[in-house]
Amino acid sequence: MTEQEKEILEEEAASESSEDSATDSGAPDGEACKTDSGAPDGEACKTDSGAADGEESDSEEEAVSEGDGKMSWAEKRAAKKQSKADKQTEAYKEQIAQLEDKVMRQLAEFENFRNRTNKEKQQMFETGAKSVIEKILPVVDNFERGLAVVPEDKKDDPFVDGMGRIYKQLVTELENIGVKPIEAVGQEFDPNLHNAVMQVASEEYESGVVAQELLKGYTYRDSVVRHSMVAVVE
């Protein structure tokens, strides 16, 4: 063997050793799996890495879906609470309206009761006052009758003058409380004010007019205490 052939063999051995070292250390992870343990192990390596990536993506999707579920449940709960609060608010408003209506009705009833009570009191007072006035009027009549028959020469007598002053004071006080005499003579007959006891002939007044007053009548405020007893022209 010549030196030239030795050099060729050495170069071939060096190239084979470099290829082996490249196969052992320079190949990728997947190729290392194929080189070290064969195709099944390589597939297992690929399967393991793919399964890990798949599990990570599934866990992320589950977390997202779980988060969406929590938000939806919270929204439903909030909506339920709001609906319940709205129902309670409507119920409270209805109760308030009922109570306000009840109070207004009670206030109206109390106002009517107070007005009715005041009216009844006023009627009772007027009835009592009219009863007293009816008892006083005959006294006034007697004063008028007594003073009407006093002779002219006796009118300056101190006794007659005193009786006249008492009569005027009594009439004045009756007027102050609302007692007034009813006008009769010369007025047209009014059955609400006059009580006709007779008819007379008269050239001075027309038919249906009061010609003579037999007993003076009186009113207390707007009500008649005593009708006037009159004679009406035929």
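Numbering starts at 1 and runs along the sequence shown. Predicted model, so just to flag it, every value in this text is computed and none were measured.
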- [ ] Sorted by first residue and then second, give each side chain to side chain donor-acceptor pair (under 3.5 Å) pair with at least one member in residues 83-96; sequence neighbours left out.
- [x]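 Applying side chain to side chain donor-acceptor pair (under 3.5 Å) to every pair that reaches into residues 83-96, excluding sequence neighbours, yields Q82-D86.
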Open item on the list: With side chain to side chain donor-acceptor pair (under 3.5 Å) as the rule and sequence neighbours excluded, what pairs involving residues 204-214 come up?
Closed with: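 Matches after skipping sequence neighbours: none remain.
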As an exercise, state the distance from [atom1] of [X] to [atom2] of [Y], rounded to the nearest 0.5 Å.
{"X": "D156", "Y": "F159", "atom1": "CG", "atom2": "CZ", "result": "15.0 Å"}
{"X": "M198", "Y": "E234", "atom1": "CE", "atom2": "CD", "result": "9.0 Å"}
{"X": "Q106", "Y": "L99", "atom1": "CD", "atom2": "CG", "result": "9.5 Å"}

- [ ] Using atom types as modelled and distance alone, determine if a side-chain donor or acceptor of T127 lies under 3.5 Å from a backbone N or O of Q123.
- [x]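 Checking the backbone N and O of Q123 against the side chain of T127, a donor-acceptor pair under 3.5 Å is found.
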Is it possible for you to say whether [X] and [Y] belong to one hydrophobic cluster, with membership spreading through side-chain heavy-atom contacts below 4.5 Å?
{"X": "L214", "Y": "L193", "answer": "no"}
{"X": "L147", "Y": "L137", "answer": "yes"}
{"X": "V103", "Y": "I96", "answer": "no"}
{"X": "I136", "Y": "F125", "answer": "yes"}

TODO: For N142, check side chain to side chain donor-acceptor pair (under 3.5 Å) against everything at least two apart and list the hits.
DONE: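 Applying side chain to side chain donor-acceptor pair (under 3.5 Å) to N142 gives R145.
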Task: Contacts of E203 that satisfy side-chain contact (heavy atoms from CB on, under 4.5 Å) - sequence neighbours left out - done: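 With sequence neighbours excluded, E203 shows a side-chain contact (heavy atoms from CB on, under 4.5 Å) to no residue whatsoever.
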Task: Those residues that, when tested against K154, pass side-chain contact (heavy atoms from CB on, under 4.5 Å) (two or more places apart) - done: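 Counting only residues at least two positions away or on another chain, K154 forms a side-chain contact (heavy atoms from CB on, under 4.5 Å) with V150, P151.
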- [ ] Provide the closest heavy-atom pair for V210 versus F189 in the form atom of the first, atom of the second, distance.
- [x]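 Minimum heavy-atom separation between V210 and F189: CG2-CA, 4.2 Å.
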Task: Under the salt bridge (charged side-chain N to carboxylate O under 4.0 Å, His left out) test, residues paired with D161 that sit two or more places apart - done: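 D161 satisfies salt bridge (charged side-chain N to carboxylate O under 4.0 Å, His left out) with R165 only.
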Open item on the list: Test of understanding: with salt bridge (charged side-chain N to carboxylate O under 4.0 Å, His left out), list the residues that count as partners of E100, not counting sequence neighbours.
Closed with: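 By the salt bridge (charged side-chain N to carboxylate O under 4.0 Å, His left out) rule, E100 matches no residue at all.
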Task: Pairs involving residues 102-117, ordered by first then second residue, that meet salt bridge (charged side-chain N to carboxylate O under 4.0 Å, His left out) (sequence neighbours left out) - done: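 Residue pairs passing salt bridge (charged side-chain N to carboxylate O under 4.0 Å, His left out), neighbours aside: D101-R105, E111-R114.
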Below 3.5 Å, can you tabulate the donor-acceptor pairs from side chains in residues 222-233 to any protein atom, sequence neighbours excluded?
| unit_1 | atom_1 | unit_2 | atom_2 | d |
| --- | --- | --- | --- | --- |
| S223 | OG | Y220 | O | 3.1 |
| R226 | NE | K216 | O | 3.1 |
| R226 | NH1 | D141 | OD2 | 2.8 |
| R226 | NH2 | D141 | OD1 | 3.2 |
| R226 | NH2 | D141 | OD2 | 3.2 |
| R226 | NH2 | K216 | O | 2.6 |
| H227 | NE2 | N192 | O | 3.2 |
| S228 | OG | G217 | N | 3.0 |

Show me, pair by pair, the donor-acceptor contacts under 3.5 angstrom made by side chains of residues 166-187, not counting sequence neighbours?
| unit_1 | atom_1 | unit_2 | atom_2 | d |
| --- | --- | --- | --- | --- |
| Y167 | OH | E144 | OE2 | 2.6 |
| T172 | OG1 | K168 | O | 2.7 |
| N176 | ND2 | T172 | O | 3.3 |

